[in-house]
Undergrad: 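Quick one: the structure is below, questions incoming.
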There are 2 protein chains.
Amino acid sequence: MVKEGDLYWGDALEILPTFPDASFDAIVTDPPYCSGGMTMSERARPASVKYVQSRQQLRWPEFESESMDQNAWMTWTYRWLKECKRVAKDGAPIVIFIDWRQLPLLTTLLQWTGWRWLGVAVWDKTEACRPQMGRFAAQAEFIVWGAKGKLPAKRHVGTLPGVFRYRVEVPGVKLHMTGKPLGLMEDLLRIAEPGGRVLDPFAGSGTTLLAARNLGLQAVGIEASPQYYQIAKGRLQRREETIRL
Amino acid sequence: MVKEGDLYWGDALEILPTFPDASFDAIVTDPPYCSGGMTMSERARPASVKYVQSRQQLRWPEFESESMDQNAWMTWTYRWLKECKRVAKDGAPIVIFIDWRQLPLLTTLLQWTGWRWLGVAVWDKTEACRPQMGRFAAQAEFIVWGAKGKLPAKRHVGTLPGVFRYRVEVPGVKLHMTGKPLGLMEDLLRIAEPGGRVLDPFAGSGTTLLAARNLGLQAVGIEASPQYYQIAKGRLQRREETIRL
DNA sequence: CCCTTCTATGAATCGTGCT
DNA sequence: CAGCACGATTCATAGAAGG
């Protein structure tokens, strides 16, 4: 198994089973949505074609798991949610990014795997990525959250907002095609008990891990793509620099 | 059948069948969510008890259909969605408020009844919601939208945002326990073709109808509660006054 | 009679705006 | 300007019901 510090390179469904039971205080992740189309043929297009506007050269490395049909995505999501539940401590919160098309399926899967569904928070990107005439813009991304059993009555966590307003970052600042703003991830990670151990099984360019460390949390990540594994590793090593990417 | 102008008093499932096919350009509504609890007994409590904090006297007339269990709500929603589809013209948009708990069920029902699901917009109520320690606030309400078939390629509608930020109004300004800000409804109604005919089968205090008329749309509403029917009737009649309630 | 499950009731979170 | 009311909630807990 390849790893560097707390960052693992490999398939989440292969790495997760090597972790002991009840070893994480929170799961925070942004899995592949596989939502680029309602039809199988649209889904089968690679992510770089689905999510990048027409006719510009490839800017992002490909990421896997984006070419599943609805059924494959469902089985796959079921399995990693189940594994995450095993490695989470009782009462641990889980926070998952999802887009509107997959939201109903994800809330169902979350409950099927035994997690308790507690709400839907919103990432307001404040401007439409692609405004369209005559339709509401897809300006929000959704954040499904829940817990393994009940959230403990007394937690050392304050009150948290339910809508987070952050602009999408431009390529160069964001290092993954679907990379999230660092401030957004820091806000979300405040759901975790201070000093706790956080897992991101789909680490991408490592923003969750970086944000976690900024908050004084321990962070463990898994990333399947060799390119993003290298990018995340580099970011974590450079964390001491003052520039916050 | 009791009606006054374009406002009908009665059960939507009884009034809708009296409308002709393909007679509306848009459906915009805020149905009872029936979301107050995950158990049947919790749901069975009247809305004024479920949603209003303890120890204050009854401020709002009760509204019906808020005391259904999940199964009853599902069958009921299926039936009114189906009727709405019949009375909608081809290409007409539908816009429905819902809370996070019922969102997955509503998107399923929308598709089961033959509507095309096109997205989820967000009403961000901004800060004024009940904070909770250690959890994300339930600060947003969700707006499921779609169309009967495809939206026409050429519509006389501009680009619309996907997140709407409006504070919850105080009692006195809002006339229904769950009343929506007038500006919010006006924003949402911009999805309708200018001059079109809009239906709200759960009119409540009539904010949708008022907003529609402010935008120069024809508006038809149905309201089951005699109290809210009177309130909505009064507001529409007073519309000429400059004060916008 | 004890244990489990269900149900009914009310306390409490804090930023904001109104009095 | 201080105080108070308010929120399409959520949860804990006491009491009832059932096996």
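To find a chain, count down the sequence lines: A is the first, B the second, and so on, and within it residues start at 1.
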Undergrad: Could you pull out all residues at least two apart from K89(B) that satisfy salt bridge (charged side-chain N to carboxylate O under 4.0 Å, His left out)?
TA: D25(B)

Undergrad: Less than 6.0 angstrom separating the ring centers of F136(B) and W145(A), yes or no?
TA: yes

Undergrad: Could you tell me how far apart R155(A) (CZ) and dT13(C) (P) are, to the nearest whole angstrom?
TA: 16 Å

Undergrad: Between atom CD in E169(B) and atom C1' in dA8(D), what is the gap in whole Å?
TA: 15 Å

Undergrad: Over how many whole Å does the gap from Q132(B) atom CD to dT9(D) atom P extend?
TA: 10 Å

Undergrad: Considering residues at least two apart in sequence or located in another chain, which fulfil the side chain to side chain donor-acceptor pair (under 3.5 Å) criterion with K150(A)?
TA: none

Undergrad: How about W80(B) and F202(B): are their ring centres within less than 6.0 Å of each other?
TA: yes

Undergrad: Just the rounded figure in Å: distance from P of dT16(C) to CZ of R165(B).
TA: 11 Å

Undergrad: Tell me: NE2 of H176(B) to P of dC6(D), nearest whole Å?
TA: 18 Å

Undergrad: Please collect all salt bridge (Lys or Arg N to Asp or Glu O under 4.0 Å) contacts where either partner lies in residues 158-167 of chain A, sequence neighbours excluded, each pair once.
TA: D124(A)-R165(A), E127(A)-R167(A)

Undergrad: Which of the following nucleotides, dA8(D), dT13(C), dT9(D), is nearest to the side chain of T159(A)?
TA: dT13(C)

Undergrad: Taking the six-membered ring where the residue is Trp, are the ring centres of Y8(B) and Y229(B) under 6.0 Å apart?
TA: no

Undergrad: Which ranges of DNA chain D pair up as stems, where a stem means three or more consecutive Watson-Crick or G-U pairs with both distances under 3.5 Å?
TA: C:2-12 with D:9-19, C:14-19 with D:2-7

Undergrad: What contact category does K174(B) fall into here, base, sugar-phosphate, or nothing, at under 4.0 angstrom with non-hydrogen atoms?
TA: sugar-phosphate

Undergrad: In this structure, how many angstroms lie between the C1' atom of dA8(D) and the OH atom of Y228(B), rounded?
TA: 12 Å

Undergrad: I want to verify a distance call: between dT10(D), dC14(C), dA8(D), whose nearest atom is closest to the A138(B) side chain?
TA: dT10(D)

Undergrad: Tell me whether the side-chain N/O atoms of K150(A) come closer than 4.0 Å to OP1 or OP2 in dA12(D).
TA: yes

Undergrad: Check the distance between dA8(D)'s P and I98(B)'s CD1 and give it to me in whole angstrom.
TA: 15 Å

Undergrad: Ignoring hydrogens and geometry beyond distance, is the side chain of K125(B) in donor-acceptor contact with the base of dA8(D) at under 3.5 Å?
TA: no

Undergrad: From dA8(D), dA12(D), dT9(D), pick the nucleotide closest to the side chain of K180(B)?
TA: dA8(D)

Undergrad: Enumerate all atom pairs, one protein N or O and one N or O from nucleotides 17-19 of chain C, separated by less than 3.5 Å.
TA:
from, atom 1, to, atom 2, distance (Å)
dG17(C), OP1, R167(B), NH1, 3.4

Undergrad: Should R101(B) be listed as having a side-chain N or O under 4.0 Å from OP1 or OP2 of dT10(D)?
TA: yes

Undergrad: Quickly, which of R101(B), Q102(B), E141(B) forms a side chain to side chain donor-acceptor pair (under 3.5 Å) with Y33(B)? Name it, please.
TA: E141(B)

Undergrad: Under 4.0 Å between a side-chain N/O of W117(A) and OP1 or OP2 of dT10(D), yes or no?
TA: no

Undergrad: Please determine if K180(B) and E169(B) form a salt bridge, counting it only when a charged side-chain N lies under 4.0 Å from a carboxylate O.
TA: no

Undergrad: Within this structure, what is the CD-to-P distance between Q139(B) and dT16(C), rounded to whole angstrom?
TA: 11 Å

Undergrad: Measuring only the C1' atom in each nucleotide, how far is dC1(C) from dA16(D)? A whole number of Å is fine.
TA: 16 Å

Undergrad: Is there a donor-acceptor contact under 3.5 Å linking the side chains of R235(B) and T207(B)?
TA: yes

Undergrad: Using salt bridge (charged side-chain N to carboxylate O under 4.0 Å, His left out) as the criterion, list what pairs up with R116(A), not counting sequence neighbours.
TA: none

